[in-house]
Amino acid sequence: MPPAPTRHWLLKSEPDVFSYADLVRAGREPWNGVRNYQARNFLRQMRPGDLCLFYHSGVKPPGLAGVGRVARAAYPDDLQFDPESAHFDPRSDPADPRWSMVDVVPVRAFPRLLTLDELRALPEWEGSPLLRRGTRLSVLPVSAEQIRAALGEVGLDLGTL
DNA sequence: GCCAACGTTGGC
DNA sequence: GCCAACGTTGGC
(Lines give C-alpha, C1' and ligand atoms only; values in the text may rest on other atoms or scores of the structure.)
Protein backbone atom coordinates (compact mmCIF):
# COMPACT_ATOMS: atom_id res chain seq x y z
CA MET A 1 0.00 0.00 0.00
CA PRO A 2 1.38 3.42 -0.92
CA PRO A 3 1.29 5.99 1.86
CA ALA A 4 -1.86 8.05 2.12
CA PRO A 5 -1.62 11.43 0.40
CA THR A 6 -0.38 14.15 2.70
CA ARG A 7 -2.71 16.88 1.54
CA HIS A 8 -0.82 19.42 3.57
CA TRP A 9 2.33 21.24 2.57
CA LEU A 10 4.78 23.91 3.57
CA LEU A 11 6.01 26.60 1.19
CA LYS A 12 9.12 28.62 1.98
CA SER A 13 9.50 32.19 0.88
CA GLU A 14 11.73 35.08 1.75
CA PRO A 15 9.30 37.79 2.80
CA ASP A 16 11.53 40.48 1.26
CA VAL A 17 10.79 38.80 -2.07
CA PHE A 18 7.26 37.55 -1.47
CA SER A 19 5.55 37.58 1.91
CA TYR A 20 2.26 36.16 3.11
CA ALA A 21 0.91 39.72 3.08
CA ASP A 22 1.88 39.87 -0.59
CA LEU A 23 -0.16 36.72 -1.20
CA VAL A 24 -3.14 38.33 0.52
CA ARG A 25 -2.72 41.44 -1.64
CA ALA A 26 -2.35 39.40 -4.81
CA GLY A 27 -5.33 37.19 -3.98
CA ARG A 28 -3.81 34.37 -6.00
CA GLU A 29 -0.26 33.57 -7.01
CA PRO A 30 1.51 31.13 -9.30
CA TRP A 31 4.15 29.38 -7.17
CA ASN A 32 6.88 29.56 -9.79
CA GLY A 33 10.66 29.52 -9.73
CA VAL A 34 11.08 26.20 -7.92
CA ARG A 35 14.24 24.65 -9.37
CA ASN A 36 14.85 21.66 -7.17
CA TYR A 37 13.66 18.23 -8.30
CA GLN A 38 12.48 17.03 -4.93
CA ALA A 39 10.49 20.22 -4.39
CA ARG A 40 9.12 19.98 -7.92
CA ASN A 41 7.97 16.43 -7.31
CA PHE A 42 6.06 17.61 -4.25
CA LEU A 43 4.46 20.40 -6.30
CA ARG A 44 3.26 17.75 -8.74
CA GLN A 45 1.61 15.83 -5.93
CA MET A 46 -0.45 18.84 -4.84
CA ARG A 47 -4.17 18.87 -5.44
CA PRO A 48 -6.61 21.78 -5.40
CA GLY A 49 -7.79 22.31 -1.86
CA ASP A 50 -4.58 21.15 -0.18
CA LEU A 51 -3.51 23.47 2.63
CA CYS A 52 -0.07 25.12 2.54
CA LEU A 53 1.68 26.56 5.55
CA PHE A 54 3.52 29.70 4.52
CA TYR A 55 7.03 29.89 5.98
CA HIS A 56 9.11 33.05 6.05
CA SER A 57 12.82 32.31 5.70
CA GLY A 58 15.88 34.54 5.72
CA VAL A 59 14.47 36.88 8.37
CA LYS A 60 14.79 37.15 12.12
CA PRO A 61 13.00 35.30 13.40
CA PRO A 62 12.00 32.84 10.69
CA GLY A 63 8.60 31.19 11.08
CA LEU A 64 5.10 30.48 9.85
CA ALA A 65 3.14 33.55 8.80
CA GLY A 66 -0.06 32.11 7.40
CA VAL A 67 -1.86 29.32 5.64
CA GLY A 68 -2.99 29.13 2.03
CA ARG A 69 -4.63 26.66 -0.26
CA VAL A 70 -3.74 25.12 -3.61
CA ALA A 71 -6.08 26.62 -6.20
CA ARG A 72 -4.69 24.86 -9.27
CA ALA A 73 -2.73 21.63 -9.61
CA ALA A 74 0.74 21.59 -11.18
CA TYR A 75 1.20 23.03 -14.67
CA PRO A 76 4.30 24.18 -16.54
CA ASP A 77 6.22 27.03 -14.90
CA ASP A 78 6.34 29.75 -17.57
CA LEU A 79 9.56 31.29 -16.23
CA GLN A 80 11.62 28.33 -17.43
CA PHE A 81 11.04 29.49 -21.03
CA ASP A 82 11.62 33.19 -20.38
CA PRO A 83 15.22 34.15 -21.24
CA GLU A 84 14.79 37.34 -19.25
CA SER A 85 13.94 35.44 -16.09
CA ALA A 86 16.43 34.44 -13.42
CA HIS A 87 14.59 31.11 -13.46
CA PHE A 88 15.12 30.55 -17.19
CA ASP A 89 16.20 27.00 -17.97
CA PRO A 90 17.59 26.72 -21.51
CA ARG A 91 17.64 22.94 -21.24
CA SER A 92 13.95 22.60 -20.57
CA ASP A 93 12.05 21.14 -23.53
CA PRO A 94 8.73 22.93 -24.22
CA ALA A 95 7.31 19.57 -25.35
CA ASP A 96 8.19 18.13 -21.95
CA PRO A 97 8.63 20.99 -19.48
CA ARG A 98 11.03 20.26 -16.68
CA TRP A 99 9.59 22.61 -14.05
CA SER A 100 6.11 22.96 -12.63
CA MET A 101 4.18 25.44 -10.57
CA VAL A 102 0.85 25.49 -8.74
CA ASP A 103 -1.47 28.39 -7.97
CA VAL A 104 -2.02 29.25 -4.33
CA VAL A 105 -4.56 31.49 -2.61
CA PRO A 106 -4.48 32.88 0.93
CA VAL A 107 -6.72 31.33 3.57
CA ARG A 108 -5.76 32.83 6.93
CA ALA A 109 -2.93 34.98 8.21
CA PHE A 110 -1.50 33.71 11.48
CA PRO A 111 -2.53 36.04 14.35
CA ARG A 112 1.19 36.13 15.11
CA LEU A 113 4.34 34.60 13.61
CA LEU A 114 4.90 31.06 14.85
CA THR A 115 8.68 31.05 15.07
CA LEU A 116 11.07 28.31 14.06
CA ASP A 117 12.10 27.99 17.71
CA GLU A 118 8.49 27.36 18.68
CA LEU A 119 8.15 24.75 15.93
CA ARG A 120 11.24 23.00 17.27
CA ALA A 121 9.51 22.71 20.61
CA LEU A 122 6.48 20.90 19.16
CA PRO A 123 6.85 17.10 19.37
CA GLU A 124 4.82 16.67 16.16
CA TRP A 125 7.53 18.54 14.26
CA GLU A 126 10.40 16.40 15.44
CA GLY A 127 12.30 15.05 12.44
CA SER A 128 10.83 17.50 9.93
CA PRO A 129 13.35 18.48 7.22
CA LEU A 130 12.40 22.09 7.95
CA LEU A 131 14.20 21.90 11.27
CA ARG A 132 17.38 20.39 9.83
CA ARG A 133 20.18 22.76 9.13
CA GLY A 134 21.14 23.05 5.50
CA THR A 135 17.85 21.80 4.09
CA ARG A 136 17.32 23.47 0.75
CA LEU A 137 13.88 22.04 0.22
CA SER A 138 11.46 24.92 -0.35
CA VAL A 139 8.35 22.75 -0.70
CA LEU A 140 7.76 19.96 1.76
CA PRO A 141 4.94 17.76 2.99
CA VAL A 142 3.39 18.37 6.39
CA SER A 143 1.41 15.75 8.30
CA ALA A 144 -2.09 16.32 9.65
CA GLU A 145 -0.62 16.22 13.16
CA GLN A 146 1.96 18.84 12.27
CA ILE A 147 -0.46 21.29 10.73
CA ARG A 148 -2.94 20.79 13.56
CA ALA A 149 -0.24 21.44 16.15
CA ALA A 150 1.08 24.52 14.36
CA LEU A 151 -2.37 26.04 13.90
CA GLY A 152 -3.28 25.23 17.49
CA GLU A 153 -0.26 27.16 18.78
CA VAL A 154 -1.67 30.36 17.30
CA GLY A 155 -5.28 29.61 18.18
CA LEU A 156 -6.46 28.43 14.76
CA ASP A 157 -8.49 25.29 14.15
CA LEU A 158 -7.82 23.07 11.16
CA GLY A 159 -11.53 22.20 10.96
CA THR A 160 -12.66 25.79 10.46
CA LEU A 161 -10.29 26.81 7.67
C1' DG B 1 29.66 6.61 -12.92
C1' DC B 2 32.73 8.67 -9.55
C1' DC B 3 33.71 12.58 -7.02
C1' DA B 4 35.80 17.25 -6.31
C1' DA B 5 34.59 21.89 -7.04
C1' DC B 6 31.11 25.04 -7.04
C1' DG B 7 26.90 27.58 -5.95
C1' DT B 8 23.01 28.38 -3.14
C1' DT B 9 20.23 28.20 0.92
C1' DG B 10 19.27 29.89 5.18
C1' DG B 11 20.06 29.81 10.26
C1' DC B 12 23.07 31.85 13.29
C1' DG C 1 28.86 38.16 7.13
C1' DC C 2 29.96 33.45 8.26
C1' DC C 3 29.67 28.88 7.15
C1' DA C 4 27.38 24.13 7.29
C1' DA C 5 24.70 21.45 4.39
C1' DC C 6 23.85 19.63 0.24
C1' DG C 7 22.23 19.53 -4.72
C1' DT C 8 24.37 20.19 -9.19
C1' DT C 9 27.94 20.26 -12.53
C1' DG C 10 31.54 18.66 -15.26
C1' DG C 11 36.16 16.50 -15.86
C1' DC C 12 37.95 12.20 -16.10
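As the structure is a computational prediction, the values presented were derived from the model and not from experiment. Chain A is the first sequence line, chain B the second, and so forth, proteins listed ahead of strands; every chain is numbered from 1.
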> What pairs with A/Tyr55 under ring pair (Phe, Tyr, Trp, His ring centres under 6.0 Å), at least two apart in sequence or on another chain?
Replying inline: none

> Under a 4.5 Å cut-off applied to non-hydrogen side-chain atoms, are A/Glu124 and A/Ser143 in contact?
Replying inline: no

> How is A/Lys12 classified with respect to the nucleic acid when contacts are heavy atoms under 4.0 Å: base, sugar-phosphate, or nothing?
Replying inline: sugar-phosphate

> Any salt bridge (Lys or Arg N to Asp or Glu O under 4.0 Å) pairs touching residues 95-118 of chain A, not counting sequence neighbours?
Replying inline: A/Arg28-A/Asp103, A/Asp89-A/Arg98, A/Arg112-A/Glu118

>> I'd like the 5' and 3' limits of the part of DNA chain B contacted by chain A, with heavy-atom contacts below 4.0 Å.
In response: B/dG7 to B/dC12

>> Check A/Arg25 with A/Asp22, please: is the shortest side-chain N to carboxylate O separation under 4.0 Å?
In response: yes

> Just how large is the angle between the end axes of the helix from B/dG1-C/dC12 to B/dC12-C/dG1, five pairs per end, to 10 degrees?
Replying inline: 10°

>> Is the distance from the ring center of A/Phe42 to that of A/Trp31 below 6.0 Å?
In response: no

> Who are the ring pair (Phe, Tyr, Trp, His ring centres under 6.0 Å) partners of A/Tyr37, not counting sequence neighbours?
Replying inline: A/Trp99

> NA contact type, A/Ser138, heavy-atom cut-off 4.0 Å: base, sugar-phosphate, or nothing?
Replying inline: nothing

>> Clusters formed by hydrophobic residues whose side-chain heavy atoms approach within less than 4.5 Å: which one holds A/Phe88, and what are its other members?
In response: none

> A/Tyr75 versus A/Pro97: any side-chain heavy-atom pair under 4.5 Å?
Replying inline: no

>> Need one value for A/Arg35: base, sugar-phosphate or nothing, where a base atom within 4.0 Å counts as base even if backbone is also close, heavy atoms only.
In response: nothing

